[in-house]
Amino acid sequence: MPVTRQDFEDAIAQYWGAKASQNDLSAIKDAVGAGTAGSVRGGKHFDSVAGLVAKFFLDAGYPKEAIRVDKDLELPGYYRPLKKWDIVIAHEGTLVAAFELKALGGPSFGNNYNNRVEEALGSAADLQRAALTEWYPGSRPWLGYFFIMEDHPKSRSAVRLASNPVYPPEDIWQGTSYQDRFAIFCKRLLDEGLYNTACYITSSRENPSPGEPEEALDWRHFSAAIIGRLAELKALGIPSASVGQQHTDELF
């Protein structure tokens, strides 16, 4: 069965531990291995999301050995030897895709906001530069970013900018909340080609139903981009003749 909108909503609910998934993701986890390198480096909250993303590639015919969500997730960079990603699909000499799964929660959003921005920028810039070398033969690496912002009064409130910066920031940042700022950030990641797709949602334990503040960053666009990547590689004959057909009309 193809990945559906309900699968997505269930995975987000399961991230918060709010309810058991209505769809059985255990078979996916058994196939590709549970865990995502710590899920934001602590706990396994992202297991359900990792299983959801992995299912696209399993359904497309990729062998389970090609889909890594638990171990052997390190990829070579240009500015450092290796960096651990959260999901890596590598098969027949091609880095099919790599994904970062991250979140920002309260109540102290400011403490980790800059860290999350710098992590995403550094990871993408490092691998994209390495892709210009001989380390990544075949199709150019394809990168995805999935981010959950906790929906909280403090993430919805406008954040004060420094009162006397050396130079003023862009007007776009004036009066923005952390939710607003991350939407701007994710859109610019795509605009600059650092990531090929990004999904940005707001959610909370009390109300896990995902909010999608920006259409270009919603689940429809994220999943459609993955399907497009699969179709691109299939058209190029990379990497497997067993790649199957997805029923895209059932995804949304």
Rounded distance (nearest 0.5 Å) linking atom CD1 of I172 with atom CZ of R181: 11.5 Å

H221 and D218, any side-chain heavy atoms less than 4.5 Å apart: yes

Distance in Å, E9 CD paired with I201 CD1, rounded so as to fall on 0.5 Å steps: 9.5 Å

From Y136 atom OH to L75 atom CG, the distance as rounded to the nearest 0.5 Å: 4.0 Å

Candidate pair F146 and F99, rule ring pair (Phe, Tyr, Trp, His ring centres under 6.0 Å), full reasoning: CA-CA 7 Å; F146 190 101; F99 293 85; 9.1 Å; no

Nearest atoms (heavy-atom pairs only) where Q179 meets E150: NE2-O, 4.1 Å

Pair listing, salt bridge (charged side-chain N to carboxylate O under 4.0 Å, His left out) test, anchored in residues 161-175, at least two apart: E170-R188

Aromatic ring pairing F182/Y113, orientation class (parallel under 30°, perpendicular over 60°, tilted between): perpendicular

Shortest non-hydrogen contact between L101 and I87, atoms and distance: CD1-CD1, 3.9 Å

Non-hydrogen atoms of A198 and F222 that approach each other most closely: C-CD1, 3.7 Å

Y62/I89 under side-chain contact (heavy atoms from CB on, under 4.5 Å): CA gap, chis, key distance, verdict: CA-CA 9 Å; Y62 285 79; I89 299 92; 4.3 Å; yes

Show me the side-chain donor-acceptor pairs of residues 189-197 shorter than 3.5 Å, one per line, residues at least two apart or across chains.
from, atom 1, to, atom 2, distance (Å)
Y195, OH, A120, O, 2.9
N196, OD1, L143, N, 2.7

Test item: P168 and Q174 side chains (from C-beta on) under 4.5 Å apart, heavy atoms: no

same_hphob_cluster(L236, W142) at 4.5 Å side-chain heavy-atom cutoff: yes

Heavy-atom check, side chain of L230 versus side chain of F57, under 4.5 Å: yes

Nearest heavy-atom neighbours spanning P165 and S163: CD-C, 3.6 Å

Heavy-atom check, side chain of D47 versus side chain of Q14, under 4.5 Å: no

All pairs passing salt bridge (charged side-chain N to carboxylate O under 4.0 Å, His left out) where residues 118-136 contributes a residue, at least two apart: R80-D126, R116-E119

Under 3.5 Å donor-acceptor, S48 side chain and A11 backbone: yes

4.5 Å side-chain heavy-atom contact, R140 and L132: yes

Remaining members of the apolar cluster that contains Y78, side-chain heavy atoms under 4.5 Å: Y79

From F185 atom CZ to L217 atom CG, the distance as rounded to the nearest 0.5 Å: 11.0 Å

Check: I12 and V49 side chains under 4.5 Å, non-hydrogen atoms: yes

Stepwise side chain to side chain donor-acceptor pair (under 3.5 Å) test for S204 and N207: CA-CA 5 Å; S204 68; N207 182 19; 5.5 Å; no

Residue pair A103 / Y15: nearest heavy atoms and the distance that separates them: CB-OH, 3.3 Å

E212: partners by salt bridge (Lys or Arg N to Asp or Glu O under 4.0 Å), with sequence neighbours left out: R5

Aromatic ring pairing F147/Y145, orientation class (parallel under 30°, perpendicular over 60°, tilted between): parallel

Polar side chain donor-acceptor pair, D10 to Q6, under 3.5 angstrom: yes

Within 6.0 Å of CH2 in W135, more than 12 heavy atoms from elsewhere: no

Value rounded to 0.5 Å, distance of OG1 in T176 from CG in L161: 6.0 Å

With sequence neighbours excluded, residues passing salt bridge (Lys or Arg N to Asp or Glu O under 4.0 Å) with D151: R156

Test item: R68 side-chain N/O and L73 main-chain N/O as donor-acceptor pair under 3.5 Å: no

From OG (S223) to CZ (F8), nearest 0.5 Å: 9.0 Å

Closest non-hydrogen atom pair between K154 and P107, with its separation: CD-O, 3.3 Å

Worked check of side-chain contact (heavy atoms from CB on, under 4.5 Å) between Y200 and K187: CA-CA 9 Å; Y200 169 59; K187 285 193 291 185; over 6 Å; no

